[in-house]
Amino acid sequence: MIDLYQECADLVNQIPKGMVTTYGTVAKALGDEIAKRAVGVMLNSYGPPIKMPCHRVVYSGGGLGGFAYGLPKKMEMLAEEGVFEKDGKIADFENIFFDKFKTDFPLKNARKKQLDLAETVTLADPKKMPDMILGLDASYIGTRAFGAGILFHISDKKVVKTFTSESKINWPYIPTYLGFREMPVFKLIIDELGRDAILMLDGNGVLHPFGFGIASHIGVEFGMPSIGAAKSLLCGSVGTGTNPPVTLGGHTIGTELKTSPRAKPIYISPGHKISMASAVKITAKISRLKIPEPLRLAHMEATAMRRSAL
DNA sequence: GCGACAG
DNA sequence: ATCTTGTCGC
Ligand SMILES: [Mg+2]
């Protein structure tokens, strides 16, 4: 997949001296305004030394925004280019606002890919349901990703194998595009821990505005059954009763599951090659605390690996 | 200050 | 996701 950090850098380099743009405008040039916070995250990762005019990106309200070297430095750099601020706002903002980016909108392509691949998702149970779950999770230090996989036997409720690996990611976290960020982190782990398992991801399956959350993404990519288990609700509304359905546009796309008496519920959805009923049943079976055991352990492993990597 | 969109 | 000590309750 494309390097979004590079795409963002290429855009920022187009902002002329003496002009400014906003985080949201850069995000729109990337192809989706939802990435505006991610633009800030990416700008903050360039350097030191900063090789592009990050100081020319400001808040849409005219405020200065943030800067890795401190706001006084940002103000000074802008002043050198004839851009000034008064009362904490960019002066003459409307007239020095730049948005004529040359771009091929990479996020629009990514969205199209999601929509195309979503067509290939099947929610029928496999002929032979694996008795193994492969829980996957990741922890981060900037663009360094620490991934962990826990191979967990469903009937025995026992860990069979554990595997961790470090990799570099080239996508920031962008809501509804999570699969693109974590895909490379899990590839090595899935290849190592084998293919006869149901994948379980920390995030959603079809419980997604475009029916293609990370569990669907990873499931389709590897042609394996997958389940998504999210700690909070991404979209849709929750129904009533025990294990209430999560619906969106009249369709049931997930299930709210109370895995532990006092804890907040989690949100289960099939990712690929599995039914909603099986996804919920299996998740309930392998849950002792709030987070399903394979995911809870994968999270702990990934966190431990990150802490030992300092 | 409110609202707030997985990780 | 990350930044982070102690404390309360079961
Ligand atoms: Mg995670």
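Residue numbers start from 1 in every chain, and the chains themselves are labelled A, B, ... in the order their sequence lines are given, proteins ahead of strands. Bear in mind that the values here come from a model prediction, so they are computed numbers and not experimental data.
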How many Å lie between [atom1] on [X] and [atom2] on [N], as a whole number?
X         : N      : atom1 : atom2 : result
Arg181(A) : dG7(B) : CZ    : P     : 13 Å
Tyr267(A) : dG7(B) : OH    : P     : 11 Å
Met200(A) : dG7(B) : CE    : P     : 14 Å

Runs of at least three Watson-Crick or G-U pairs with DNA chain C, cut-off 3.5 Å:
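The stems: there are none.
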When Ile198(A) is tested against each of Pro294(A), Pro126(A), Pro225(A), Ser278(A) for side chain to side chain contact (heavy atoms under 4.5 Å, CB included), which residue passes?
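When side chain to side chain contact (heavy atoms under 4.5 Å, CB included) is applied between Ile198(A) and each of Pro294(A), Pro126(A), Pro225(A), Ser278(A), only Pro225(A) qualifies.
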Dot-bracket notation for DNA chain B is requested: 5' to 3', Watson-Crick or G-U wobble pairs only, both distances under 3.5 Å, with ( ), [ ], | and . as defined.
.......
Taking the cut-offs as 6.0 angstrom to the six-membered ring centre and 45 degrees off its axis, would you call Arg56(A) and Phe98(A) a cation-pi pair?
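Arg56(A) over Phe98(A) ring: no.
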Whether Arg181(A) engages the ring of Tyr140(A) as a cation-pi pair (distance to the six-membered ring centre under 6.0 angstrom, angle to the ring normal within 45°) should be assessed.
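Here Arg181(A) passes the 6.0 Å and 45° test against Tyr140(A).
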Side-chain ([X]) to main-chain ([Y]) donor-acceptor, under 3.5 angstrom:
X         : Y         : result
Lys161(A) : Leu193(A) : no
Asp32(A)  : Ala35(A)  : no
Ser216(A) : Gly271(A) : yes

Parallel, tilted or perpendicular: rings of Tyr5(A) and Tyr46(A) (30°, 60°):
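Rings of Tyr46(A) and Tyr5(A): perpendicular, over 60°.
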Can you say whether the rings of Phe67(A) and Tyr69(A) are parallel (under 30°), tilted (30 to 60°) or perpendicular (over 60°)?
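Rings of Phe67(A) and Tyr69(A): perpendicular, over 60°.
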Using the 3.5 Å cut-off, write out each protein N or O paired with an N or O of nucleotides 3-5 of chain B and the distance between them.
none

If you assign Arg262(A) and Glu182(A) each to the DNA chain C nucleotide with the nearest heavy atom, which residue ends up on the more 5' nucleotide?
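Looking at DNA chain C, the more 5' nearest nucleotide goes with Glu182(A).
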Residues from residues 201-220 of chain A sitting under 4.0 Å of DNA chain C, heavy atoms only?
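Going residue by residue through residues 201-220 of chain A, the ones with a heavy atom under 4.0 Å of DNA chain C turn out to be Asp202(A).
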What residues in residues 299-310 of chain A put a non-hydrogen atom under 4.0 Å from any atom of DNA chain C?
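The stretch gives His299(A), Arg306(A) as the residues lying under 4.0 Å from the strand, ordered by number.
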Would you mind classifying the nucleic acid contact of Phe146(A) as base, sugar-phosphate or nothing, using non-hydrogen atoms under 4.0 angstrom?
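Since no nucleic acid heavy atom lies under 4.0 Å of Phe146(A), the category is nothing.
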Of all nucleotides in DNA chain C with an atom under 4.0 Å from a non-hydrogen atom of chain A, which is the first and which the last going 5' to 3'?
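So the outermost contacting nucleotides come out as dA1(C) to dC10(C).
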